[in-house]
Amino acid sequence: MGLTLPIELFEQAKRKQISQQDDVLLSWVSEIPDGEAKRIFDQGNNFFKGERFFWQNKERTLRLAGLGVMDQLCVEQGQERFLALHTRKEQVLRKTVTNSEEIACGAVYFGGFRFDDQHDTAPEWEKFGEGFFYLPLFFSDGKGESLLFIGESVA
């Protein structure tokens with residue numbers, strides 16, 4: 001599978017970085033052949049060990065694969081957890097340049113919130129706080145299918 005990133009998108013990201021004087025994220029969406037989500041996941045085993053996921057529903061009509069970590073959010077006790085996640089996603093979207101015109105494309109955070117805050121957390125879960133989410137560097141929604149690349153632009 002050969003992918004070619006459009007230079008215009010990099011140029012747009014560079015202009016935005018200069019005008020905002022801040023990091024800019026580049027999101028590139030491209031169709032990939034059916035079944036590639038699992039193949040992308042498998043090929044990322046060595047380089048993204050411990051930083052990848054693959055999930056599919058029982059009917060196998062939805063497949064998600066992610067590689068790498070672009071951003072992570074750990075919600076601490078006392079924070080309004082849903083607001084913290086929403087705020088982080090909005091911050092990322094304001095810094096993002098993309099080739100996609102789809103409203104649903106963009107920063108997709110994966111993770112979850114603590115189920116029960118009335119009981120002590122088991123030691124193996126303590127590092128996740130009240131909630132833990134991350135934004136993958138590469139993401140495939142496995143539908144028909146699109147690959148989303150998000151990465152920091154280079155100064």
Side-chain angles (χ1 to χ4, degrees), residues 1-57 61-114 127-155:
M1 175 177 79
L3 301 173
T4 304
L5 292 164
I7 190 68
E8 299 84 23
L9 197 58
F10 283 100
E11 291 168 348
Q12 183 183 355
K14 184 64 175 174
R15 286 191 302 273
K16 187 170 187 164
Q17 180 187 36
I18 291 169
S19 70
Q20 291 184 350
Q21 296 182 357
D22 196 4
D23 289 337
V24 173
L25 301 175
L26 182 115
S27 169
W28 180 64
V29 180
S30 177
E31 288 193 19
I32 59 175
D34 191 30
E36 285 295 298
K38 180 69 166 86
R39 191 168 84 78
I40 289 169
F41 172 79
D42 291 340
Q43 288 183 341
N45 185 37
N46 293 332
F47 193 70
F48 294 103
K49 193 168 187 100
E51 294 184 346
R52 64 190 188 122
F53 69 88
F54 180 82
W55 180 89
Q56 68 182 4
N57 64 3
T61 56
L62 177 62
R63 293 179 179 94
L64 305 174
L67 302 171
V69 177
M70 184 63 224
D71 184 35
Q72 46 183 287
L73 170 66
C74 187
V75 181
E76 299 301 330
Q77 190 168 5
Q79 282 185 292
E80 176 59 48
R81 50 195 206 168
F82 293 104
L83 181 60
L85 180 60
H86 175 75
T87 301
R88 176 65 66 88
K89 184 174 178 177
E90 289 299 313
Q91 290 169 343
V92 168
L93 289 175
R94 279 194 298 274
K95 295 173 25 168
T96 300
V97 172
T98 184
N99 68 323
S100 177
E101 295 179 10
E102 296 280 329
I103 293 173
C105 283
V108 180
Y109 280 81
F110 292 89
F113 292 114
R114 184 175 171 187
K127 67 180 176 183
F128 297 107
E130 294 294 308
F132 183 83
F133 292 85
Y134 73 96
L135 175 65
L137 183 62
F138 295 96
F139 170 67
S140 174
D141 68 7
K143 290 181 183 167
E145 297 179 12
S146 61
L147 175 71
L148 172 63
F149 164 75
I150 299 183
E152 260 182 78
S153 65
V154 178

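One finds the CZ atom of F138 at 11.0 Å from the CE atom of M70 (value rounded to the nearest 0.5 Å). Note that OG1 of T98 is 8.5 Å distant from CD of Q12, once rounded to the nearest 0.5 Å. We find the CG-CG distance between D71 and L25 to be 8.0 Å, quoted to the nearest 0.5 Å. Atom CD1 in I7 sits 12.0 Å away from atom NZ in K14 (nearest 0.5 Å).
Ring orientation note: the planes of F133 and F113 are nearly perpendicular, at an angle over 60° on the 30°/60° scale. Below 30°, between 30° and 60°, or above 60°: for F53 and F110 the angle between ring planes is between 30° and 60°, a tilted geometry.
Taking each heavy atom of V97 and L9 in turn, the nearest pair found is CG1-CD1, 3.7 Å. When every heavy atom of F132 is checked against every heavy atom of C74, the shortest pair comes out as CD1-CB, 4.1 Å. Taking both residues in full, the closest heavy atoms of V75 and A84 are given as CG2-CB, 4.3 Å, listed atom of the first, atom of the second, then distance. Across every non-hydrogen atom of D22 and Q17, the tightest pair is O-CG, 3.2 Å. Closest non-hydrogen pair, F54 versus A65, comes out as CD1-CB, 4.0 Å. Taking each heavy atom of T96 and S27 in turn, the nearest pair found is CG2-CB, 3.7 Å.
A distance-only check finds a donor-acceptor pair linking the side chain of N57 to the backbone of L62 [under 3.5 Å]. With hydrogens and angles disregarded, a donor-acceptor distance shorter than 3.5 Å links the side chain of S19 to the backbone of K16. Within the 3.5 Å criterion, the main-chain N or O of Q72 finds a donor-acceptor partner in the side chain of R88.
Looking only at side-chain heavy atoms (C-beta outward), L85 and K89 stay at 4.5 Å or farther from each other.
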